[in-house]
Novice: 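This is the structure, below, for whatever I ask next.
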Protein chains: 2
Amino acid sequence: MGFVFFAFYRYLFIDKTRPKWMPASERIGNLRKEGGMLMASGNISRLTLQRLPTYLSYLRNLPEDSPPNISAAAIAAGLGLGEVQVRKDIASVSNVGKPKTGYPVSALIQDLEHFLGYGVCNRAVLVGVGNLGLALLSYSGFAEYGLHIIAAFDVNHALIGSRINQKPVLPVEQLSSFCRESGVQLGILTVPACAAQSCCNALAQGGVRAVWSFAPVHLQAPPGVLVQRENMASSLALLSYHLKTQSGSLKESETNSLAAEKKIGGKSNG
Amino acid sequence: MGFVFFAFYRYLFIDKTRPKWMPASERIGNLRKEGGMLMASGNISRLTLQRLPTYLSYLRNLPEDSPPNISAAAIAAGLGLGEVQVRKDIASVSNVGKPKTGYPVSALIQDLEHFLGYGVCNRAVLVGVGNLGLALLSYSGFAEYGLHIIAAFDVNHALIGSRINQKPVLPVEQLSSFCRESGVQLGILTVPACAAQSCCNALAQGGVRAVWSFAPVHLQAPPGVLVQRENMASSLALLSYHLKTQSGSLKESETNSLAAEKKIGGKSNG
DNA sequence: TCGTTTTTGTGAATGTTTTCACAAACTTTT
DNA sequence: AAAAGTTTGTGAAAACATTCACAAAAACGA
């Protein structure tokens, strides 16, 4: 599954006077030591951040009998990415790589999980128990990403009071207060487009600071609240355009959001 | 909903000798006349292509009583994008814009639909009738994007033979032959990760040229077959990172895949 | 111990996308 | 009819991301 999204930006803080080769203990990728803990040095590009969970997933799903170390080249080959890109991405969250040896898999997994915040439990609510809401509620894999849906909300009285995958369905009127009282940090919006903005407002009012919206509309949110719109239409556009333009069977390798190619050609095959 | 993805690339064919101001009849945005029809001149960037459905959706959902014309500035404000970006994006698929007037909404909608291929009927099959598969099968809004799911496939004998939202569920063994016989162009993969590659192979063997995969694995596909991976983990990564880093309530405007900001800051608030 | 080999990490170069600045064109007003 | 005021469209500049080329480090072997 792929996503797209954002955060606010600030200017890169690059020290251009820094010598090319500092001792490794001082310049550790994009990381720096701070109170004994490795911290990201403040800037990760959106595209890198989007690739990180893919690395994590790849590493987690490596066969049991794989060697304890893995090279950037192996990861790159497995995911269809550039070798240097993998190294740069990893360097921005970890410093466990060792020349000649590669990366110790378990340590790298830990660093990725730590950086992505998958270790912490993010409490979430889901709003809109329709088809998609039901599917997401029933999916138990979110825990792998540190995401825990603790309740669902809907307007449908037939659903209110029931439990889906052990999560209670509550009336949408209680959305704000529930979020505030339970310290919910993230809201998942699977409501119809027309209801999305008001639900988003309710979430924001309840102190929720991140909204994952599946509604096909642009939402306004107060400062401090991040709205991530999952845009299936964009995916379909790419597929549809491919079908429209590459009607003959042109050569084409696998492509996805992670790959490096950039242009979507119109007619030539070379 | 947001997406990410790809196509193969070719080199930009920019005529740097072209004078700055050609007559409008010859240089029409990124378009050119070809047999009387406007054709995209071969190059649309992936990011532009991903934004196009958002414009389309925004225009379609404009209130009934809106004026017949709209300006790039209005669209930009409504979607939280840059004004010039909107103009450039639109220029790559349409030439209905007029100075001082803006864009006639209905004509622009038509151009977007035509470019995105939403007019044509893309026949699709869905493989894997689990939670997510069920949700997508039940969703009737895909027709809006020119997508028509005509059948579903699964291994579960309890499901085979039934109908979901009027679509028959067939045994996965028939996947290849069904696709070939019915001229299916697109396959939607909502199977578990372990089954994804084999289903993808079956689709490719059946002549399917575009695969929309929700499985969290990298798929290999033969040349000519485009694999678009919908990556929910990437979306969650961005949200999770936001929660982790902006723990205090820092100023933050809405952000999504379409917005213009680029860097995801780590600590400063400006 | 020292050289060889492999692999990481990164500065610089290259390529892509967005933003800026402004010419052209259309509409309206005088 | 001409001038004024908007709004489009785009070349050039800036910002951003990827790839290249190579220095440094670790492992291994002689």
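Chain naming here is simple, since letters A, B, ... match the order of the sequence lines and numbering starts at 1 in each. These numbers come from a predicted model, not from an experiment.
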Novice: More than 12 heavy atoms of other residues, nucleotides or ligands under 6.0 Å from CD of B:Glu83: yes or no?
Specialist: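 Enclosed.
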Novice: I need the CG-P distance between B:Asp89 and C:dT17, as an integer number of Å.
Specialist: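 That distance rounds to 11 Å.
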Novice: Judged by atom type as modelled, is there a donor-acceptor pair below 3.5 Å linking the side chain of A:Arg51 to the main-chain atoms of A:Leu81?
Specialist: no
Novice: Looking just at side-chain N and O atoms, do B:Gln197 and B:Asn201 make a donor-acceptor pair shorter than 3.5 Å?
Specialist: yes
Novice: Under 4.0 Å between a side-chain N/O of B:Tyr103 and OP1 or OP2 of C:dC26, yes or no?
Specialist: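 False: B:Tyr103 side-chain N/O out of range (4.0 Å or more) of C:dC26 OP1/OP2.
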Novice: How long is the line joining CG of B:Leu47 and C1' of C:dT19, in whole Å?
Specialist: 15 Å
Novice: Report which part of the nucleic acid A:Ala72 touches: base, sugar-phosphate, or nothing (heavy-atom distance under 4.0 Å, all strands).
Specialist: sugar-phosphate
Novice: With a 3.5 Å distance limit and no angle check, can you tell me whether B:Ser94 reaches the backbone of B:Ile90 through a side-chain donor-acceptor pair?
Specialist: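 Judged by distance alone, no pair lies under 3.5 Å.
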Novice: Considering just the side-chain nitrogens and oxygens of A:Arg87, establish if one lies under 4.0 Å of OP1 or OP2 belonging to C:dT8.
Specialist: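 The answer is yes; a side-chain N or O of A:Arg87 sits under 4.0 Å from OP1 or OP2.
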Novice: Round to the nearest Å and state the distance from A:Ile75 atom CD1 to C:dT7 atom C1'.
Specialist: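 Taking atom C1' of C:dT7 as the reference, CD1 of A:Ile75 is at 12 Å.
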Novice: How long is the line joining CD1 of A:Ile44 and P of D:dT18, in whole Å?
Specialist: 12 Å
Novice: Among residues 62-70 of chain A, which ones have heavy-atom contacts with DNA chain D below 4.0 Å?
Specialist: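 The stretch gives none, as no residue of it lies under 4.0 Å from the strand.
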Novice: Please figure out whether A:Thr48 or A:Pro99 has its closest DNA chain D nucleotide nearer the 5' end.
Specialist: A:Thr48
Novice: Kindly say whether A:Leu116 contributes a backbone atom to a donor-acceptor pair with the side chain of B:Lys244 at under 3.5 angstrom?
Specialist: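 Between the backbone of A:Leu116 and the side chain of B:Lys244 there is no qualifying donor-acceptor contact (under 3.5 Å).
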Novice: Would you kindly give the NZ-to-P distance between B:Lys88 and D:dG9, to the nearest whole Å?
Specialist: 12 Å
Novice: Quickly work out the A:Ile90 CD1 to C:dT7 P distance and round it to whole Å.
Specialist: 14 Å
Novice: What's the spacing between B:Arg229 CZ and A:Thr54 OG1 if we round to 0.5 Å?
Specialist: 5.0 Å
Novice: In whole Å, I'd like the distance from the CD atom of B:Gln85 to the C1' atom of D:dT8.
Specialist: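 B:Gln85 atom CD is separated from D:dT8 atom C1' by 16 Å.
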Novice: How do A:Lys100 and A:Val84 order along DNA chain C: which one's closest nucleotide is nearer the 5' end?
Specialist: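 Looking at the nearest nucleotide for each, A:Lys100 comes out on the 5' side.
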Novice: OP1 or OP2 of D:dT18 versus the side-chain N and O atoms of A:Arg51: is any pair under 4.0 Å?
Specialist: yes
Novice: Can you tell me which nucleotide in D:dT7, C:dT19, C:dG11 comes closest to the side chain of B:Ser71?
Specialist: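 Closest nucleotide to the B:Ser71 side chain: D:dT7.
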Novice: What is the distance, rounded to the nearest whole Å, between atom CD of A:Glu83 and atom P of C:dT6?
Specialist: 13 Å
Novice: Between B:Asp111 and B:Val93, what is the shortest heavy-atom contact and its length?
Specialist: CB-O, 3.9 Å
